[in-house]
Amino acid sequence: MQTDVAELEKLSPKDRERLALTGLDLEMKSRCGSFFQIDQDVVHTSCNVRGIEVLPIGAALEKYDWLQDHVWKAVPRDKDRYTRYVARQEKPQGVVVIAHEGSASVMPLQACLFLLAEPVQHVHNIVVAREGAEIHLISGCASSVQMEHGAHLGVTEFYVGKNAKVTSTMIHSWSAGISVFPRSAAIVEEGGVFLSNYVCMRPVRRIEMYPTAHLVGKNAVGRFSTIVVGTPGSHLDLGSRAVLAAEGTSAELVTRAITTGGTIISRGHILGETGSTRGHIECKGLILKDGIIHAIPEIEGRRTGTELSHEAAVGKIARHEIEYLMARGLDEETATATIIRGFLDVKISGLPVVLQKQIDDAIDKAEKGF
Amino acid sequence: MLDISDLHVSVDGKEVLHDVDLHIGEGETHVLMGPNGSGKSTLLKAVMGFGGYCVTSGSIVYKGREITHLPVHERAHLGIGIMFQRPPSIAGLKLGKLLAAASHMSEDAIEALAQSVNMEDLLNRDLNVGFSGGEIKRSEILQLKAQQPEFVMLDEPESGVDLENMALMGKAIAHLLEKDAHIVERHRSGLIITHTGYILDYLDADQGHVMIDGRIRCHGNPREILKVVKEGGYKECLRCKQM
Ligand SMILES: Nc1ncnc2c1ncn2[C@@H]1O[C@H](COP(=O)(O)OP(=O)(O)OP(=O)(O)O)[C@@H](O)[C@H]1O
Ligand SMILES: [Mg+2]
């Protein structure tokens with residue numbers, strides 16, 4: 001496939017900086033592969049791990065007939081107008097990642113989707129981890145600083161095979177006028193693990209998403225972590241859902257939300273369809289300046305032996321916590337920032353160190369703005 | 001070093017401290033005793049300047065400078081430090097990170113300091129989250145060791161600490177107060193709240209005070225006071241004052 005990192009080097013320094021905020025590593029030092037798409041053009045694909053392939057969706061469908069069965073299966077084609085829009089495209093774009101049986105890489109694979117000049121970017125991504133495979137994805141999505149308005153429609157389907165593990169970390173860095181509609185879902189088979197992490201610390205006009213993990217095989221695990229800041233004018237409608245459809249499955253949905261004036265709707269839904277299942281939703285919100293944090297956790301059990309719980313709290317930083325740190329010599333601003341940083345610190349078990357670091361960095365960079 | 005005069009402090013609109021006078025000289029360590037709820041912790045918090053502890057009249061002068069209305073961190077910068085009786089837990093903030101922020105010490109130096117109070121395992125734990133009673137006290141001592149205040153206020157340093165760690169705490173506190181230095185070279189002062197007086201086994205205190213119902217009712221030799229209270233309770237202090 002074409003290797004044209006040069007295309008990326010044509011981006012303005014400001015844009016490259018913004019891409020770097022999403023975790024993009026142009027030098028590929030701690031990455032095992034890459035996929036870059038600017039507007040509707042795939043400019044680069046590569047992967048250096050045996051057994052793991054990164055292909056544009058068109059080429060992948062030509063190469064593997066069986067892939068057809070993985071198209072619009074996790075995400076229904078007619079789910080809503082955004083999926084229908086993506087499904088209607090004659091030339092679908094996006095990336096297909098296939099981790100063949102037993103392949104594994106702890107180094108993450110990066111997918112970068114950049115909105116440069118076109119009003120709408122649409123992508124359809126498919127990630128398949130066959131039996132026993134392990135892959136970690138980091139997708140950075142960003143828009144050019146010169147882009148004032150635009151929309152990003154992204155469909156991503158994850159197929160996590162038996163005893164396979166997929167982690168997907170998404171760090172967003174948009175502009176205040178961009179609207180984003182990711183549509184993604186995962187089907188996780190027996191003993192499979194799916195971890196999804198979402199970080200958005202920068203202004204955006206509107207984000208609306210509600211990814212679902214269908215845990216269909218015994219003992220499958222799903223975990224969603226969401227760390228977001230709602231700046232003035234931002235409207236973030238975020239949710240995550242897990243369907244516990246087989247014995248021994250478990251799911252955890254964790255959210256940390258801060259508003260500095262924006263609106264955050266934090267939804268969560270765990271459906272216990274079978275016995276011997278467990279699920280927990282945890283949502284904590286901090287209101288730093290008047291805005292909205294609306295937590296809507298839902299737990300729905302349908303069989304004996306399903307154990308579901310949720311905890312949600314929205315509030316402010318306790319004065320006595322700030323003063324505790326001030327008594328150690330930190331001024332009020334530093335004490336507050338230190339506590340906020342702690343609040344956002346969600347340690348995600350099972351995530352490779354490089355990715356945890358990427359998340360930490362994204363938070364550290366944003367922290368200065370509070 | 002610290003001069004508190006005619007201090008009245010209200011909490012939630014209710015006066016808790018009435019007309020408190022207390023003078024602590026350079027190099028001196030004082031002990032504050034008194035029944036539960038009498039206002040001892042309130043006095044320490046008022047000296048540190050915590051919100052909610054409203055000084056309605058009187059003054060707090062530290063090293064000749066009026067600090068009654070200074071913000072908390074400025075008092076800390078002037079050299080005042082406090083060990084909390086019940087510090088808050090802060091999820092996500094590692095003890096080690098706080099030490100670094102409070103002291104500008106290197107990682108190695110922090111590590112070594114932590115070892116000195118058997119706390120190296122706790123550096124990577126969230127501040128006070130799930131800490132045992134004794135661990136909280138040791139973490140507080142560790143923070144003070146990093147901060148090196150010139151005037152130290154300790155709120156019940158011995159409560160919840162086992163015998164073995166008591167010796168360690170006692171020595172650490174004595175060291176903070178420069179008890180090992182010759183009296184003429186000792187500049188640090190302290191105010192220690194204690195119910196049991198165990199701390200007096202590790203350091204000498206110059207003076208004791210008894211607070212009852214928000215007033216300091218008695219000054220004297222700390223061991224004498226302790227003895228009287230052990231034998232006759234605090235009502236004995238009231239009686240003696242009245243005589
Ligand atoms: N933040 C607060 N809100 C409401 N009341 C308070 C607060 N702080 C102190 N008080 C009240 O002031 C009084 C004195 O409390 P303080 O904590 O100073 O007592 P203490 O002498 O330290 O007692 P103990 O020996 O039990 O620690 C008590 O009646 C207490 O309930
Ligand atoms: Mg007290």
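Letters A, B, ... are given to chains in the order of the sequence lines, protein chains preceding strands, and every chain is numbered from 1.
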D21(B) atom CG: more than 12 heavy-atom contacts under 6.0 Å: yes

K347(A), NZ: over 12 other non-hydrogen atoms inside 6.0 angstrom: yes

Within 6.0 Å of NZ in K94(B), more than 12 heavy atoms from elsewhere: yes

Test: E140(B) and R328(A) ion pair at under 4.0 Å: yes

Spatial distance of atom OG1 (T338(A)) from atom CG (L98(B)) [nearest 0.5 Å]: 8.0 Å

H175(B), NE2 atom: more than 12 neighbouring heavy atoms under 6.0 Å: no

Option in I80(B), L127(B), I82(B), I90(B) with maximal non-hydrogen atom pairs under 4.5 Å from chain A: I90(B)

E298(A) atom CD: more than 12 heavy-atom contacts under 6.0 Å: yes

H73(B) side chain to A327(A) backbone, donor-acceptor under 3.5 Å: no

Candidate list E323(A), M326(A), H320(A), test side chain to side chain contact (heavy atoms under 4.5 Å, CB included), partner F50(B), passing option: E323(A)

Side chain to side chain, V72(B) and I322(A), heavy atoms closer than 4.5 Å: no

Note, Q143(B) side chain near Y324(A) side chain (heavy atom, < 4.5 Å): yes

Nearest non-hydrogen partners of G329(A) and H77(B), listed with the distance: O-NE2, 2.7 Å

S89(B), part contacting chain A, at a heavy-atom distance under 4.5 Å: backbone

R278(A), CZ: over 12 other non-hydrogen atoms inside 6.0 angstrom: no

Pair D345(A)-L93(B), side-chain contact (heavy atoms from CB on, under 4.5 Å): steps then yes or no: CA-CA 8 Å; D345(A) 195 70; L93(B) 173 59; over 6 Å; no

More than 12 heavy atoms from other groups under 6.0 Å of CZ on R319(A): yes

Atom group of F343(A) that falls short of 4.5 Å from chain B, counting heavy atoms: backbone

Interchain contact, L144(B) with chain A, by part (heavy-atom threshold 4.5 Å): side chain

Segment of A91(B) engaging chain A (4.5 angstrom heavy-atom cut-off): backbone

Other residues, nucleotides, ligands: >12 heavy atoms within 6.0 Å of Y210(A) OH: yes

Side-chain heavy atoms of D331(A) within contact of E74(B), under 4.5 Å: no

